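One-based numbering along the sequence shown. Remember, predicted model here, so these are calculated numbers, not experimental data. Quick note: numbers below take in every heavy atom, side chains included, and nothing from hydrogens, waters or symmetry partners.
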Amino acid sequence: MTTLTTPRHFGDRMDEAIQRSGSVICVGLDPRPDQLPPRLRVQDPKNRRELAKAYETFCLGIIDAIAGRAGVIKPQAAFFEELGPDGMAALGSVIRYGTRKGLLVILDGKRNDIGTTAEAYARAFIGPESAWGCDALTVSPYLGQDSIEPFVKRCDEVAGGLFVLVKTSNPGSGFLQDQVAGEKKIYLRVAELVTSLNATRLGASGYGPVGSVVGATYPEQLHELRAAMPTSPILIPGFGAQGGSASDVAGGFDTRGRGAIVNSSRHIIFAYDRPEFRGKFGDDHWQAAADAAVQEMNDQLNAVRSITEHA
């Protein structure tokens with residue numbers, strides 16, 4: 001008889017992934033037809049089945065290249081969804097492969113709804129026995145607290161995680177997130193909700209299962225929100241191609257140099273086409289280029305983590 005074991009607390013698993021890999025990098029898997037290595041490009045980009053196969057081959061190859069140097073991956077659902085059923089099958093393969101390689105898998109789906117619909121999203125994506133088998137899911141809070149609670153309940157049941165959009169990296173985020181409501185900016189009100197949801201759910205690491213998304217492109221707010229959400233794992237997008245640097249993300253780490261993961265997508269997965277790597281690796285060595293990009297990013301981030309740890 002097979003005995004199912006309950007996964008360990010998500011906050012602890014994320015902290016362990018950082019310690020085990022020595023890395024705070026989250027590798028974003030955002031495949032694009034025109035940026036795939038030449039050998040994987042599809043002659044007819046309208047052939048969704050062939051493109052889905054190329055995406056799958058590419059993402060599995062990236063996972064092979066970075067496993068051990070990074071502990072977390074974040075497939076972006078949209079790039080697979082636009083290919084229809086074949087794309088979704090490829091996404092499932094990528095998620096399962098990442099799990100087999102010992103990586104935490106965060107699905108970037110930015111789901112949000114209320115009632116039984118939110119419950120269905122939560123059951124679909126979060127937990128090892130779910131249809132998709134993800135460790136965590138990104139969610140939007142802008143339908144209100146009742147749109148988040150079904151996801152939190154699911155995390156309680158399966159030791160899963162959430163990453164709530166608090167202060168996103170895009171230039172237009174201030175249109176809503178920086179507006180003042182009740183004498184506080186909306187992103188700070190969302191931060192208060194995240195902290196309250198974690199209050200009774202802390203793991204041994206001191207972190208809860210309700211993480212937050214705060215962009216590297218807003219370093220001052222990142223400092224502010226680390227203080228406002230001391231028990232929330234922070235997912236930091238915007239590094240590299242969006243302009244965020246290692247010094248920009250320093251405010252997201254705790255005094256141990258942990259508590260946050262820094263996402264990079266294009267800067268890693270398409271590193272073979274970056275000018276500084278193109279001559280060294282070329283088109284056929286895209287996995288080696290991704291590995292080198294992760295090493296470079298680890299060196300940059302570990303330097304600022306060390307400063308934070310000894311501050």
Side-chain angles (χ1 to χ4, degrees), residues 6-15 17 26-30 59 63 71-82 87-99 103-169 190-191 193-194 197-198 201 203 207-215 229 231-237 260-263 265:
T6 302
R8 297 191 61 222
H9 187 283
F10 177 76
D12 293 347
R13 286 190 289 136
M14 195 186 100
D15 190 58
C26 171
V27 178
L29 300 177
D30 300 11
C59 290
I63 290 170
V72 187
I73 58 172
K74 183 175 68 63
Q76 169 51 260
F79 293 104
F80 297 90
E81 287 175 348
E82 71 172 330
M88 300 310 277
L91 175 61
S93 295
V94 169
I95 292 169
R96 290 190 295 273
Y97 193 69
T99 299
L103 300 168
L104 281 184
V105 180
I106 302 168
L107 183 68
D108 197 350
K110 299 181 177 69
R111 296 305 196 257
N112 183 228
D113 219 306
I114 58 172
T116 55
T117 309
E119 291 171 5
Y121 275 137
R123 289 193 302 270
F125 292 109
I126 303 172
E129 300 304 314
S130 68
W132 289 97
C134 304
D135 295 289
L137 175 69
T138 59
V139 296
S140 170
Y142 294 106
L143 266 68
Q145 182 169 341
D146 57 342
S147 70
I148 299 298
E149 287 171 343
F151 294 97
V152 177
K153 180 181 177 183
R154 175 66 176 173
C155 290
D156 289 341
E157 295 168 349
V158 299
L162 296 179
F163 285 90
V164 178
L165 305 181
V166 176
K167 178 60 180 171
T168 55
S169 59
V190 177
L193 172 61
V194 168
L197 291 171
N198 276 329
R201 296 180 167 87
Y207 285 96
V210 187
S212 53
V213 178
V214 183
M229 300 182 294
T231 59
S232 176
I234 299 179
L235 169 61
I236 308 174
I261 48 175
V262 182
N263 184 77
S265 301

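Counting only heavy atoms from C-beta outward, the side chains of P237 and V213 approach each other to under 4.5 Å. Taking the side chain as every heavy atom from C-beta outward, I63 and L29 approach each other to under 4.5 Å. Between C59 and F79, the closest side-chain pair of non-hydrogen atoms is not below 4.5 Å. Side-chain contact check for R201 versus V152: some heavy-atom pair is nearer than 4.5 Å. You'll find the side chain of W132 stays beyond 4.5 Å of the side chain of V105, heavy atoms only.
In this structure, the separation between CZ on R123 and CD on E157 is 9.0 Å, given to the nearest 0.5 Å. Put simply, SG on C26 and CD1 on I106 are 4.5 Å apart, with the number rounded to the nearest 0.5 Å. Here the straight-line distance linking atom CZ of R111 with atom CG of L137 works out to 7.0 Å at 0.5 Å rounding. In this structure, CD1 in I114 is found 11.0 Å from CD in E119, a value given to the nearest 0.5 Å. Taking CG from D113 and OG from S140, the interatomic distance works out to 10.5 Å, rounded to the nearest 0.5 Å. The CG atom of N263 sits 11.0 Å away from atom CD1 of I73, with the distance rounded to the nearest 0.5 Å.
By the side chain to side chain donor-acceptor pair (under 3.5 Å) test, Y97 is found to be paired with D64, residues two or more places apart in sequence or in another chain being considered. Qualifying salt bridge (charged side-chain N to carboxylate O under 4.0 Å, His left out) partners for E149, counting only residues two or more places apart in sequence or in other chains: none. Residues that satisfy the side chain to side chain donor-acceptor pair (under 3.5 Å) test with S147, not counting sequence neighbours, are N112. Residues meeting the side-chain contact (heavy atoms from CB on, under 4.5 Å) test with S130, sequence neighbours left out: R154. Contacts of K110 classified as salt bridge (charged side-chain N to carboxylate O under 4.0 Å, His left out), with partners at least two apart in sequence or in another chain: D108. Partners of D15 under the salt bridge (charged side-chain N to carboxylate O under 4.0 Å, His left out) rule, at least two apart in sequence or in another chain, are R258.
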key: side chain to side chain contact (heavy atoms under 4.5 Å, CB included) between K74 and I261, worked out   = CA-CA 11 Å; K74 183 175 68 63; I261 48 175; over 6 Å; no
ask   = Where do I126 and L162 land on the side chain to side chain contact (heavy atoms under 4.5 Å, CB included) test, with the steps shown first?
value = CA-CA 9 Å; I126 303 172; L162 296 179; 3.7 Å; yes
Worked check of side chain to side chain contact (heavy atoms under 4.5 Å, CB included) between I95 and C134 = CA-CA 7 Å; I95 292 169; C134 304; 3.7 Å; yes
Derivation and outcome, side chain to side chain contact (heavy atoms under 4.5 Å, CB included), residues L91 and L107 = CA-CA 10 Å; L91 175 61; L107 183 68; 4.1 Å; yes
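Classification of the F10-F163 ring pair by plane angle, with boundaries at 30° and 60°, yields perpendicular.
When every heavy atom of D135 is checked against every heavy atom of L103, the shortest pair comes out as OD2-O, 3.9 Å. Of all heavy-atom pairs between R8 and A159, the closest is O-CB, 3.4 Å. Closest heavy-atom contact between M14 and P233: CE-CB, 3.5 Å. Taking every heavy atom of both residues into account, D30 and S265 meet most closely at OD2-OG, 3.4 Å. When all heavy atoms of P209 and G160 are compared, the pair lying nearest together is CB-O, 3.4 Å. T99 and G133 get closest at one heavy-atom pair: OG1-O, 4.1 Å.
A donor-acceptor pair is defined here as one N or O able to donate and one able to accept, closer than 3.5 Å; no such pair exists between the side chain of T231 and the backbone of Y207.
Environment of CG in L143: crowded, with over 12 heavy atoms of neighbouring residues, nucleotides or ligands closer than 6.0 Å.
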